[in-house]
Amino acid sequence: MSFLRWRRQGRRVGVSLLFVLVGSGLWQYQERQHRDDYAWMGVPSWESLTPTSFHRVLRNEGYLVGWSDVRAGALWVSYQVEAVDDASIGSRPGFKADWRTLWPIGTDSYSGSGYDRGHLAPNYAIAAVHGRGAQVDTFLMSNMSPQRPNLNRQLWQRLEEAVMDHFAPRYDRLQVVTGPIYPENFMDNALNRVGFVEIPEAFYKIIVSPHPESPRALAFIMPQNVQGNEPLDDYLVSIDEVEARTGLDFFHELSTTRESALEGAVQTQGWAIEQVANRPGRFQ
DNA sequence: TTTGGTGT
């Protein structure tokens, strides 16, 4: 190879490298922007890196998913909502498999199990706020978690309705993080699955009014076995409690003082939860 | 039906 040709090739490699660097820089920038739009103060991270807390972030229209390959389920979903004027949404799209999970989780994987395909990012709220494309994405099987019918159709539904009809109108915008809770010892529950999907023992939902100066938050943990007509405020917990049960660290970009103020205790002032705590469900 | 499954 002549010296000139070698130099030309070198330049080509240099240009290609430049493209890769600029391209991946842009991609990372956009990824960062996207995450900021959907996850106030950072996507949930693990408090210590264990096989059960490791997750990959799946991007969808309207919400993000933290997917665990070990659980074959989501550890969290993150999205934002605001009050909407028009309550009507499109009809329910069909459930869809999600090839990104690698696990073969089909739309019929839950049938006959006694568990519902419970939405983590909810159909109604995502559709009403983020549109039809986002609504379709909520029916990905990666957004489903095995949920007992009495929880999914009643207590959990009442909580999701309270988010849109009662909490969202009180503030400009809400950040919601929600997901499953598994037994403390992985081996105790490792084989308790619907198909490949591990069955949680409870679910959490964190609702934040992301005011820069004085953020406010509510957190709930609801177990699988409920009647469905219980008062919502029976299930209030601190965010610290959710972190202890999940091994996740929420809103880690907050300063230490802000984080402990927001997460250390149950603080219901401003939410008027007593007005919705006993509102009946739509599907008795 | 702002949630779903079952059976056709």
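Residue numbering restarts at 1 for every chain, and letters A, B, ... go by the order of the sequence lines. Since this is a predicted model, take the numbers as computed values, not measurements.
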Item to check | Salt bridge A/Arg282-A/Glu160, side-chain N to carboxylate O under 4.0 Å | outcome: no
Next on the checklist: Between the side chains of A/Arg258 and A/Glu263, is the shortest nitrogen-to-carboxylate-oxygen separation below 4.0 Å, so that they form an ion pair?
Outcome noted: no
Checklist entry - How are the rings of A/Tyr38 and A/His130 set to each other: parallel, tilted or perpendicular (split at 30° and 60°)? => result perpendicular
Next on the checklist: Once you measure the plane-to-plane angle for A/Phe167 and A/Trp271, does it fall in the parallel (<30°), tilted (30-60°) or perpendicular (>60°) bin?
Outcome noted: perpendicular
Checklist entry - Can you list the residues that meet the side-chain hydrogen bond (donor to acceptor under 3.5 Å, both in side chains) rule with A/Ser88, with sequence neighbours excluded? => result A/Asp86
For [X] and [Y], which I'm curious about, is there any donor-acceptor pair between the side chains at under 3.5 Å?
X: A/Asn189; Y: A/Glu198; value: yes
X: A/Gln80; Y: A/Arg173; value: yes
X: A/Arg158; Y: A/Asn278; value: no
X: A/Asn123; Y: A/Gln135; value: yes

Do any of [range] sit with a heavy atom less than 4.0 Å from DNA chain B, and if so which?
range: residues 158-172 of chain A; answer: A/Glu161, A/Asp165
range: residues 132-152 of chain A; answer: A/Asn152
range: residues 274-282 of chain A; answer: A/Arg282

Next on the checklist: Any side-chain to backbone donor/acceptor pair from A/Glu201 onto A/Pro180? Under 3.5 Å, distance only.
Outcome noted: no
Whole-Å [atom1] distance, [N] and [M]:
N: B/dT3; M: B/dG7; atom1: P; result: 23 Å
N: B/dT2; M: B/dT6; atom1: C1'; result: 22 Å
N: B/dG5; M: B/dT1; atom1: P; result: 15 Å

Checklist entry - Could you go step by step and tell me if A/Tyr124 and A/Glu161 meet the side-chain contact (heavy atoms from CB on, under 4.5 Å) rule? => result CA-CA 9 Å; A/Tyr124 173 76; A/Glu161 185 164 326; over 6 Å; no
Checklist entry - Tell me, which pairs form a side chain to side chain donor-acceptor pair (under 3.5 Å) where one or both residues lie in residues 41-58 of chain A, sequence neighbours left out? => result A/Thr50-A/Thr52, A/Thr50-A/Ser53, A/His55-A/Trp76, A/Arg56-A/Asp69
Checklist entry - With a cut-off of under 6.0 Å to the ring centre and 45° to the axis, is A/Arg92 in cation-pi contact with A/Phe139? => result no
Checklist outcome for this item: Span of DNA chain B engaged by chain A, first through last nucleotide within the 4.0 Å heavy-atom cut-off, is B/dT1 to B/dT6
